[in-house]
Amino acid sequence: MMPSRPSPADPEVDSCILCGSPADEALVVRGFKIAQCGSCGHQFLPSPISQDHVAQTYSDAYFFGGGAGYTNYLEQQSLLEKRGSQYAKIVEKHLGRKGKVFDVGAAAGFLMQGWANQDWAATGIEPNLSMVRHGQERGLDLRHGVFEDSSAWTKESYECVSMVQVISHLPSPLDALRLAYKMLKPNGILLVETWDRTSWIASAMKGGWHEYSPPSVLQWFHRKSLTLAASSVGFEFVESQRALRWLNIGHAKSLLKHMSATSKLAKLASMVATVFPSQMNVLYPGDDLFWALYRKPNA
Ligand SMILES: [Zn+2]
């Protein structure tokens, strides 16, 4: 049985959006109640999600306004291109060939460019029009829209569907996983990069953890709950690892400043960060980011 997404008529959701088991309030962050499943441990925002949630959350302010988003997303270009290339190589290793990749929540298409640099044909979807235009001006096949809302992009099939730091922002992750499954060729690979709420850094920071930023973030996975969700729509688990990620100090400073309001640890880290130049890149030391690959079985 698949639970439906929260709706305004049903504000008190008390069952897990992944497995349907009973869920209880786990913590409150900036007035938002976060629920936790008693069975799979998935955490989620049970509050009703407004219809224009995506447009509101991913306005230009998210990419350029700082806070829980970015001071200037475009500065992430070279780091994201490298990351896209790394993922292209990892997926190719499992797939045995290159092919077509569909990037969900592609922003300005920097990850797509990284895939393209490895000779993949990259297509992406992004709800923010400024980001879409930025990517299209650079010649990318970037489409404007909300992934789960349309079947326009399901007419073609792909070797890989990529969701890098996207699934935790989706009101209904199971709908997105089902759609990804449908779009993949047999043996195709789903790549998910997301945050682990059971990592030591998340446990140490509690409500002050950077990923506790509702309503931009709506889901808090851990490795098992992500695999549970993927399996429930038919995927087979392939591999998962901690994501090694280069971090721009300028972006880190902006995030830490935002988090300092709720976390003493972040305040301390924010003071430490001020001694580093903003244009510097460092390897992100946390254990809270991971990637996982899932395969659509050959029917
Ligand atoms: Zn559950």
Cys19 and Cys40 have their tightest heavy-atom pair at SG-SG, 4.0 Å

Are Leu177 and Phe290 connected, step by step, through hydrophobic side chains (Ile, Leu, Val, Met, Phe, Trp, Tyr) whose heavy atoms are closer than 4.5 Å?
-> yes

Check the surroundings of atom NZ in Lys253: do more than 12 heavy atoms from other residues, nucleotides or ligands lie under 6.0 Å from it?
-> yes

Ion pair check, Arg97 and Glu159, cut-off under 4.0 Å = yes

Check: Trp220 ring centre within less than 6.0 Å of Phe44 ring centre | no

Ion pair check, Glu156 and Lys100, cut-off under 4.0 Å = yes

For residues Asp175 and Ser172, is any side-chain donor paired with an opposing acceptor at under 3.5 Å?
-> yes

Could you give the distance from CG (Leu226) to CD (Glu193), rounded to the nearest 0.5 Å?
-> 11.5 Å

Kindly indicate, with the supporting measurements, whether the criterion side chain to side chain contact (heavy atoms under 4.5 Å, CB included) is fulfilled by Gln241 and Glu239.
-> CA-CA 7 Å; Gln241 281 190 34; Glu239 190 190 355; 2.7 Å; yes

Rounded distance (nearest 0.5 Å) linking atom CG of Leu111 with atom CE of Met163 | 13.5 Å

May I ask you to test the Ile90-Leu293 pair for a side-chain heavy-atom distance under 4.5 Å?
-> yes

From SG (Cys160) to CG (Asp103), nearest 0.5 Å = 8.5 Å

Salt bridge or not for Arg178 and Glu148, using N-O below 4.0 Å?
-> no

Any chance the side chains of Tyr294 and Ser231 put a donor and an acceptor closer than 3.5 Å?
-> no

Roughly how far, to the nearest 0.5 Å, is the SG atom of Cys37 from the CD1 atom of Ile17?
-> 10.0 Å

Side-chain heavy atoms under 4.5 angstrom apart, residues restricted to Ile, Leu, Val, Met, Phe, Trp, Tyr: same cluster for Phe110 and Val164?
-> yes

Please walk me through it: do Glu92 and Lys98 pass salt bridge (charged side-chain N to carboxylate O under 4.0 Å, His left out)?
-> CA-CA 6 Å; Glu92 185 184 348; Lys98 303 174 198 285; 3.1 Å; yes

Minimum heavy-atom distance Pro173-Ile167, with the two atoms named = CB-CG1, 3.8 Å

Would you give the length of the straight line joining atom CD1 of Ile189 to atom CG of Leu184, rounded to the nearest 0.5 angstrom?
-> 8.5 Å

After noting the C-alpha distance and the side-chain angles of Ser157 and Met183, does the key distance pass the side chain to side chain contact (heavy atoms under 4.5 Å, CB included) rule?
-> CA-CA 5 Å; Ser157 53; Met183 291 166 71; over 6 Å; no

Thr227 side-chain N/O to Arg223 backbone N/O, donor-acceptor pair under 3.5 Å = yes

ILVMFWY network linking Val104 to Leu179, side-chain heavy atoms under 4.5 angstrom | yes

Going from CG on Asn117 to NZ on Lys82, what distance comes out if it is rounded to the nearest 0.5 angstrom?
-> 12.0 Å

If we only count heavy atoms from C-beta on, is the Ser199 to His222 side-chain gap below 4.5 Å?
-> no

Heavy atoms from other residues, nucleotides or ligands near NZ of Lys185 exceed 12 (cutoff 6.0 Å) | yes

Mutual orientation of the aromatic rings belonging to Phe147 and Phe102 [parallel < 30°, tilted 30-60°, perpendicular > 60°] = tilted

Proximity of Trp195 and His210 rings by center, below 6.0 Å = yes

Considering non-hydrogen atoms only, spot the tightest contact between Met112 and Asp141 and give its length.
-> CE-O, 3.5 Å

Exceeds 12 heavy-atom contacts within 6.0 angstrom, atom CZ of Arg133 = no

Between Gly109 and Leu140 the two heavy atoms that sit nearest each other are O-CD1, 3.4 Å

Start with the C-alpha distance between Arg197 and Gln36, add both sets of side-chain angles, then the distance that settles side chain to side chain contact (heavy atoms under 4.5 Å, CB included), and finish with yes or no.
-> CA-CA 11 Å; Arg197 71 157 196 86; Gln36 179 175 329; 3.4 Å; yes

Just by distance, with hydrogens left out, do Gln118 and Tyr87 show a side-chain donor and acceptor under 3.5 Å apart?
-> no

Ser21 side chain vs Gly38 backbone, donor-acceptor pair below 3.5 Å | no

Asp196 and Leu289: side chain to side chain contact (heavy atoms under 4.5 Å, CB included), yes or no, with the steps?
-> CA-CA 6 Å; Asp196 182 354; Leu289 186 65; over 6 Å; no

Check: Gln43/Tyr212 side-chain N/O donor and acceptor closer than 3.5 Å | yes

What are the two closest non-hydrogen atoms of Glu126 and Ala106, and how far apart are they?
-> OE1-N, 3.5 Å

On a heavy-atom basis, the closest approach of Ser216 and His169 is O-ND1, 2.8 Å

Side-chain donor-acceptor pair under 3.5 Å between Glu81 and Gln113, yes or no?
-> no

Tell me, with the steps shown, if Asp288 and Trp200 meet side-chain hydrogen bond (donor to acceptor under 3.5 Å, both in side chains).
-> CA-CA 7 Å; Asp288 50 350; Trp200 70 260; over 6 Å; no

Examine distances only and state if a side-chain atom of Ser85 and a backbone atom of Gly114 form a donor-acceptor pair shorter than 3.5 Å.
-> yes

Taking the inter-plane angle between the rings of His42 and Phe221 on a 0 to 90° scale, is it parallel (under 30°), tilted (30 to 60°) or perpendicular (over 60°)?
-> tilted

Contacts of type ring pair (Phe, Tyr, Trp, His ring centres under 6.0 Å), residue Tyr181, not counting sequence neighbours = Phe235

